[in-house]
Amino acid sequence: MPVLQKTQTIVRYQNYNGEVYYGIVEDDEILQLSSTFTEIVNNELKYDGVRVKYGNVKILEPVAPSKVVNFGWTYAEHAKETGGKANLKEPFLFLKPASSLIPNQGEIILPSSDLTSQVEMEGEVALVIGKRGKNIKEEEALDYVFGCTIFNDVTARDLTKADPQFTRGKGFDTFGPLGPCIVKGIDPTNLRIVTTLNGKVVQEGNTNQMSLSIPFLISWISQVMTLEPGDVLATGSPSGSCPMRSGDFVSVEVENIGRLCNYVK
């Protein structure tokens, strides 16, 4: 399946003056852009001549979306392990608030034990939408993807099992690690996902194992809501989700994108 164009890695970051920029990653440096996100998705890349060391800036969430759309139970084994239904004809749908988002190296803050006692990770591939779309045809769906990033759909599992819908269990502050970058020009339908907890592999899968295809998901959600540039679509998690405790370190690695790493507090 053809992909968009040459691979390119884009980050959003804050420099030592507190100024926020987008930039293109080249080795251990970032080529700073004066472009807005809208200009970047339109391939209007305005280099301002500044190069910064990747390690000298604070990497932020790679985009500020109008909405974070989550597709649940798109992997049969994960659906089974969490009490869901495998091989659905339509995905289980929920949204995360923007207030849940944190960047790479941000801290996942566990809620009080009187609110939840079972917080788990879910490593996922996320799509960043590049152009406005409504009623998108499945065969044209990937044209609306600007690039791919990594998402950790942190979940209070005891709450999602108890509540009639997932908003509370999915929506706590810091329950949406996102990043560290957006990679353009890769095929989202065949990406390996590996999640580790304190260095031990707990989740391993590939987007080619999804029971619902990514083009189908994009087309399907666009029948419900208009997709806007910068929107994030989290495509679901392989099996192996397990509880996290304070002091843990969780990493979600996706081939051709990188690693999203967060401590649990």
Side-chain angles (χ1 to χ4, degrees), residues 1-5 7-10 62-63 65 68-82 84-94 96 104 120-130 133 136-155 170 176-196 201-222 227 231-241 250-261:
M1 182 177 293
V3 289
L4 302 178
Q5 48 188 285
T7 299
Q8 195 171 58
T9 300
I10 296 166
V63 71
V68 181
V69 179
N70 293 254
F71 301 109
W73 302 337
T74 56
Y75 292 78
E77 294 305 313
H78 178 66
K80 294 174 184 176
E81 74 180 0
T82 56
K85 296 180 180 179
N87 301 308
L88 293 172
K89 293 183 179 179
E90 295 183 316
F92 185 88
L93 178 67
F94 58 95
K96 286 226 183 196
N104 184 54
E120 301 187 357
M121 86 294 287
E122 295 187 10
E124 309 187 4
V125 171
L127 314 174
V128 178
I129 295 300
I136 298 168
K137 296 178 181 179
E138 191 170 339
E139 60 270 22
E140 298 174 356
L142 292 182
D143 295 338
Y144 288 79
V145 176
F146 172 64
C148 300
T149 187
I150 306 171
F151 190 69
N152 187 346
D153 176 20
V154 180
T155 302
K170 299 282 192 176
L178 180 71
C181 59
I182 302 170
V183 179
K184 293 176 58 181
I186 59 174
D187 181 359
T189 67
N190 184 26
L191 293 174
R192 183 170 178 258
I193 307 165
V194 178
T195 304
T196 61
V201 174
V202 291
Q203 291 184 289
E204 190 167 1
N206 191 299
T207 53
N208 63 22
Q209 299 168 334
M210 293 170 62
S211 56
L212 296 167
S213 76
I214 285 175
F216 171 82
L217 295 176
I218 296 169
S219 175
W220 182 84
I221 191 60
S222 76
L227 299 179
D231 282 352
V232 171
L233 309 185
T235 59
S237 175
S239 62
S241 177
V250 61
S251 169
V252 184
E253 183 171 3
V254 178
E255 67 173 320
N256 300 322
I257 300 178
R259 296 174 69 213
L260 172 64
C261 302

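All residue numbers in this chain count up from 1 along the given sequence.
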J.: For a 4.5 angstrom cut-off between non-hydrogen side-chain atoms, does Thr149 reach Val63?
T.: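 A side-chain contact under 4.5 Å is absent here.
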J.: Pair Cys181, Ile10 - check side-chain contact (heavy atoms from CB on, under 4.5 Å), show working.
T.: CA-CA 6 Å; Cys181 59; Ile10 296 166; over 6 Å; no
J.: Look up atom CD in Glu253 and atom CG in Leu260, then write down how far apart they are to the nearest 0.5 Å.
T.: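 Rounded to the nearest 0.5 Å, the CD-CG separation comes out at 11.0 Å.
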J.: Please examine the side chains of Pro188 and Leu142, heavy atoms only from C-beta on, and report whether any two atoms are closer than 4.5 Å.
T.: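 Result yes, sub-4.5 Å side-chain heavy-atom pair found.
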J.: Please assess Val252 against Met121 for the test side-chain contact (heavy atoms from CB on, under 4.5 Å), listing each intermediate value before the final yes or no.
T.: CA-CA 9 Å; Val252 184; Met121 86 294 287; 5.9 Å; no
J.: Return the CD1 to CD1 distance between Ile257 and Ile186, rounded to the nearest 0.5 Å.
T.: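 With rounding to 0.5 Å, CD1 (Ile257) is 4.0 Å from CD1 (Ile186).
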J.: So which atom in Pro180 and which in Asn104 form the shortest heavy-atom distance, rounded to 0.1 Å?
T.: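 Nearest pair, atom of Pro180 first, then Asn104: CB-CB, 3.7 Å.
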J.: To the nearest 0.5 Å, what is the distance between CD1 on Ile193 and OG1 on Thr235?
T.: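 So the CD1 of Ile193 and the OG1 of Thr235 are separated by 6.0 Å.
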J.: Can any side-chain N or O of Glu122 pair as donor or acceptor with the backbone N or O of Thr155 at less than 3.5 Å?
T.: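 Side chain of Glu122 to backbone of Thr155, a donor-acceptor pair under 3.5 Å: no, none is there.
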J.: Run the side-chain contact (heavy atoms from CB on, under 4.5 Å) check on Leu227 and Leu233 step by step: do they pass?
T.: CA-CA 10 Å; Leu227 299 179; Leu233 309 185; 4.1 Å; yes
J.: Mind listing the closest non-hydrogen atom pair of Thr207 and Thr189 along with its distance?
T.: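 Heavy atoms only, the tightest pair is OG1-C, 3.1 Å.
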J.: Using side chain to side chain contact (heavy atoms under 4.5 Å, CB included) as the criterion, list what pairs up with Glu120, not counting sequence neighbours.
T.: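 Glu120 satisfies side chain to side chain contact (heavy atoms under 4.5 Å, CB included) with Gln118, Arg157, Ser241, Pro243 only.
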J.: For residues Ala141 and Ser219, report the shortest heavy-atom separation together with the two atoms involved.
T.: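 That closest heavy-atom pairing would be CB-N, 4.5 Å.
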J.: Can you tell me how far the CE atom of Met210 sits from the OH atom of Tyr75, to the nearest 0.5 Å?
T.: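 Output value for this atom pair is 5.0 Å.
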J.: Just so I know, are the side chains of Ile182 and Phe146 near enough to count as touching, which here means a heavy-atom distance under 4.5 Å?
T.: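 Answer yes - side chains close enough.
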J.: Listed by chain and number, what are the side chain to side chain donor-acceptor pair (under 3.5 Å) partners of Gln209, not counting sequence neighbours?
T.: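 Scan of Gln209 (side chain to side chain donor-acceptor pair (under 3.5 Å), adjacent residues dropped) gives none.
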J.: Holding to salt bridge (Lys or Arg N to Asp or Glu O under 4.0 Å), I want the full list of residues that pass it with Arg192, two or more places apart in sequence or in another chain.
T.: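 Partners of Arg192 by the salt bridge (Lys or Arg N to Asp or Glu O under 4.0 Å) criterion, ordered by chain and then number, come out as Glu204.
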J.: Please check: side-chain N/O of Thr74 versus main-chain N/O of Leu212, any donor-acceptor pairing under 3.5 Å?
T.: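 The answer is no, because no donor-acceptor pair under 3.5 Å joins these two groups.
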J.: Within the structure provided, determine whether Asp153 and Lys96 are in side-chain contact (heavy-atom separation under 4.5 Å).
T.: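 A side-chain contact exists here, since the closest heavy-atom pair is under 4.5 Å.
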J.: Please report, to 0.1 Å, the donor-acceptor pairs under 3.5 Å made by any side chain of residues 84-91, with sequence neighbours excluded.
T.:
{"residue": "Glu90", "atom": "OE2", "partner": "Trp220", "partner atom": "NE1", "Å": "3.0"}

J.: Side chains of Thr82 and Trp73: does their closest heavy-atom pair fall under 4.5 Å?
T.: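 Answer yes - side chains close enough.
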J.: First locate atom CD1 of Ile136, then atom CD1 of Ile129, and finally report the distance between them rounded to the nearest 0.5 Å.
T.: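 Reported to 0.5 Å precision, the distance equals 6.5 Å.
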J.: For a quick test of reading the model, state the closest non-hydrogen atom pair linking Ser222 to Gly133 and the distance between them.
T.: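 Residues Ser222 and Gly133, closest heavy atoms: CB-O, 4.3 Å.
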J.: For Ser251, which residues count as a side chain to side chain contact (heavy atoms under 4.5 Å, CB included) partner, sequence neighbours excluded?
T.: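 Counting only residues at least two positions away or on another chain, Ser251 forms a side chain to side chain contact (heavy atoms under 4.5 Å, CB included) with Thr196, Phe249, Arg259, Cys261.
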J.: Indicate yes or no: at least one non-hydrogen side-chain atom of Val154 is less than 4.5 angstrom from one of Pro177.
T.: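 In short, these two side chains touch, coming nearer than 4.5 Å.
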J.: Scan Val128, Ile218, Ile214 and name whichever one has a side-chain contact (heavy atoms from CB on, under 4.5 Å) with Val145.
T.: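 Considering Val128, Ile218, Ile214, a side-chain contact (heavy atoms from CB on, under 4.5 Å) with Val145 is found only for Ile218.
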J.: So how far is it from Ser237 OG to Asn152 CG, rounded to the nearest 0.5 Å?
T.: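 With rounding to 0.5 Å, OG (Ser237) is 8.5 Å from CG (Asn152).
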J.: What do the steps show when you test Phe71 against Leu93 for side-chain contact (heavy atoms from CB on, under 4.5 Å), and what is the final call?
T.: CA-CA 5 Å; Phe71 301 109; Leu93 178 67; 4.2 Å; yes
J.: Would you mind reporting whether Asp231 and Val69 have side-chain heavy atoms less than 4.5 Å apart?
T.: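 A side-chain contact under 4.5 Å is absent here.
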J.: Does Asn256 have any side chain to side chain donor-acceptor pair (under 3.5 Å) partners at least two apart in sequence or in another chain, and if so, which?
T.: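 So Asn256 forms no side chain to side chain donor-acceptor pair (under 3.5 Å) with any residue.
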